[in-house]
Amino acid sequence: MSEAPYIVTIDVNNFQQQVIDRSAEVPVLVDFWAEWCAPCQSLMPVLVGLAEEYQGQFVLAKVNIDEQQELAQHFGIRSVPTLKLFRHGEEVEEVMGGQPESAFRAMIDKYRERPADKIRIQAAHAQQSKDYSQAIDLLKQAIESEPDYHILKFDLANVYLENNQIADAQAIYDSLPANIQTDPEGVALQYQLSLLSVIVDAPSLDELQQMVENDDKNLQALHQLAVREVIMGEYEQALAHFLTLMKRDRKFEEDAGRKGLLSVFSILGNQNELVKRYRSKMSSLLY
């Protein structure tokens with residue numbers, strides 16, 4: 001029985017084309033398995049079933065480690081089944097051992113292109129053009145078509161924040177399932193919302209920039225400017241301003257500069273290069 005085009009057998013000769021190159025188009029799930037491995041044999045029908053269900057939205061790439069020892073050694077495979085997910089030429093996820101179908105489904109859904117993704121792109125362009133009404137309408141349309149695609153709700157919340165519709169953004173966060181609220185995107189949104197009390201009735205971004213330029217001792221304006229920059233996604237500028245605030249007065253608003261830095265660190269994640277750089281700068285002020 002011939003394999004479908006989205007289920008491929010991998011060797012050293014076709015790995016680059018079928019895994020690395022093809023992952024630029026769709027996620028490629030590489031299954032390192034062996035004939036003698038009972039869990040591998042149990043898992044294979046599950047993976048094949050998903051591949052047939054998704055009909056090319058991801059590729060299942062099978063690597064028999066006994067026949068392809070060079071590939072197994074290259075990727076440090078020490079036990080099977082081991083599965084690695086590739087997207088845009090990079091390994092983005094790894095799973096070792098048997099997992100329920102739902103775990104693989106969630107992993108694939110995280111990286112596959114979905115119908116709503118095209119609408120997301122349109123909404124992002126509208127947001128960049130400051131056409132917030134259009135961005136909101138597009139994202140609501142996408143959410144209606146794929147209500148469980150939670151990244152759309154984070155997109156919508158961010159548009160609301162940028163357009164100063166704080167109550168609407170809070171309502172989006174409150175509507176999320178508890179497990180989604182604790183995802184990195186949920187935590188980031190929570191931190192953004194927690195900062196917003198600082199800019200209630202605050203001047204506009206341009207006005208705050210002018211106020212700080214005219215008076216470098218205006219710590220309230222500096223604080224509000226940094227928070228507005230966080231909401232706008234201008235994280236490097238925000239970090240620089242929070243650091244300046246921390247240098248100038250640790251007592252201002254109970255160490256608002258340091259708290260602001262920590263909030264942005266949480267939003268960006270510990271592996272972000274900006275976080276690494278500014279964490280070092282913050283530490284130099286503490287010790």
Side-chain angles (χ1 to χ4, degrees), residues 3-35 37-118 120-121 146 148-152 154-155 177 179-180 182-188 268-272:
E3 293 181 335
Y6 39 80
I7 302 175
V8 295
T9 299
I10 298 299
D11 57 34
V12 291
N13 297 315
N14 68 0
F15 185 88
Q16 177 67 38
Q17 178 185 14
Q18 293 291 348
V19 176
I20 302 302
D21 296 345
R22 204 165 176 183
S23 71
E25 303 169 3
V26 294
V28 178
L29 182 62
V30 182
D31 176 23
F32 292 90
W33 68 287
E35 292 280 359
C37 168
C40 297
Q41 299 295 340
S42 299
L43 180 60
M44 187 67 73
V46 175
L47 299 176
V48 170
L50 284 171
E52 291 175 346
E53 176 187 336
Y54 279 74
Q55 289 289 303
Q57 294 180 62
F58 83 97
V59 170
L60 174 60
K62 302 187 297 182
V63 179
N64 185 320
I65 63 167
D66 292 328
E67 297 176 356
Q68 304 300 323
Q69 295 183 22
E70 183 178 339
L71 283 176
Q73 290 174 2
H74 176 77
F75 286 100
I77 305 302
R78 289 179 168 78
S79 65
V80 286
T82 293
L83 296 103
K84 294 178 179 287
L85 188 69
F86 288 79
R87 191 67 165 115
H88 300 297
E90 301 288 338
E91 180 186 329
V92 293
E93 299 271 359
E94 180 184 56
V95 174
M96 300 178 68
Q99 299 287 332
E101 179 188 293
S102 58
F104 292 108
R105 189 183 296 276
M107 184 168 63
I108 293 162
D109 285 347
K110 184 177 178 181
Y111 295 98
R112 72 181 173 98
E113 183 175 341
R114 304 165 70 129
D117 287 334
K118 294 180 179 179
R120 285 188 73 202
I121 293 172
E146 295 194 65
D148 294 329
Y149 191 17
H150 296 296
I151 193 67
L152 297 169
F154 289 119
D155 289 348
N179 63 311
I180 302 299
T182 56
D183 277 354
E185 295 87 353
V187 173
L268 295 179
N270 289 330
Q271 300 307 311
N272 187 280

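The structure displayed is predicted, hence computed values, not measured ones. Keep in mind that the numbers below use all heavy atoms, side chains included, and drop hydrogens, waters and symmetry copies. Sequence positions, counted from 1, serve as the residue numbers for this chain.
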Is L60 close to Y6 at the side-chain level, that is, under 4.5 Å between some pair of heavy atoms? no

Does any part of the side chain of R87, heavy atoms only, come nearer than 4.5 Å to the side chain of R112, both counted from C-beta? no

Looking at E90, I'd like to know if its CD atom is crowded, meaning that more than 12 non-hydrogen atoms belonging to other residues, nucleotides or ligands lie closer than 6.0 Å. no

Run E93 and Y111 through side chain to side chain contact (heavy atoms under 4.5 Å, CB included) and show every step you take. CA-CA 10 Å; E93 299 271 359; Y111 295 98; 3.0 Å; yes

Please name the pair of heavy atoms, one in P81 and one in G98, separated by the smallest distance, quoted to 0.1 Å. CG-N, 4.2 Å

Rounded to the nearest 0.5 Å, the CG atom of L85 sits from the CD atom of E94 at a distance of 11.0 Å

Is there a side-chain contact between L47 and L29 in this structure, where contact means two heavy atoms from C-beta onward sitting under 4.5 Å apart? yes

Pairwise distance CD(E25) to NE2(H88) - rounded to 0.5 angstrom: 10.5 Å

Taking all non-hydrogen atoms of both residues into account, name the closest pair between F104 and L43 and its distance. CE1-CD1, 3.6 Å

Can you measure from CD (Q18) to CG (N13) and round to the nearest 0.5 angstrom? 11.5 Å

For the CD atom of Q73 and the CZ atom of R78, what is their distance to the nearest 0.5 Å? 10.5 Å

Around atom CD of Q55, are there more than 12 heavy atoms of other residues, nucleotides or ligands at under 6.0 Å? yes

To the closest 0.5 Å, what do you measure between CG (D117) and OH (Y149)? 3.5 Å

With side chain to side chain contact (heavy atoms under 4.5 Å, CB included) as the test, pick out the partner of H150 among N179, D155, I180. I180

Can you find a heavy atom in the side chain of R114 that is under 4.5 Å from one in the side chain of Q57? no

Can you check whether R105 reaches Y54 side chain to side chain, under 4.5 Å on heavy atoms? yes

Could you go through I10 and Q68, starting from their C-alpha distance and side-chain angles, then the distance that decides it, and tell me whether this counts as side chain to side chain contact (heavy atoms under 4.5 Å, CB included)? CA-CA 8 Å; I10 298 299; Q68 304 300 323; over 6 Å; no

Interatomic distance, NZ@K118 vs CZ@R120, rounded to 0.5 Å, equals 14.5 Å

Specify the closest pair of heavy atoms between A34 and N64, including all atoms of both residues, with the distance to one decimal. CA-OD1, 4.5 Å

Quick check against the 3.5 Å criterion: does D183 have a side-chain atom that pairs as donor or acceptor with the backbone of E185? no

Looking only at atom types and distance, does a side-chain atom of T9 sit under 3.5 Å from a main-chain N or O of K62, one as donor and one as acceptor? no

Any chance you could lay out the side chain to side chain contact (heavy atoms under 4.5 Å, CB included) test for I65 and T82, step after step, and finish with the verdict? CA-CA 10 Å; I65 63 167; T82 293; over 6 Å; no

Side chains of Q99 and M107 in contact at under 4.5 Å (non-hydrogen atoms): no

Kindly say whether N14 contributes a backbone atom to a donor-acceptor pair with the side chain of D11 at under 3.5 angstrom? yes

Sub-4.5 Å side-chain heavy-atom contact between E146 and I151: no

Anything under 30° is parallel, anything over 60° is perpendicular, the rest tilted; go ahead and classify F86 against F75. perpendicular

Do V8 and R22 touch side chain to side chain, with heavy atoms closer than 4.5 Å? yes

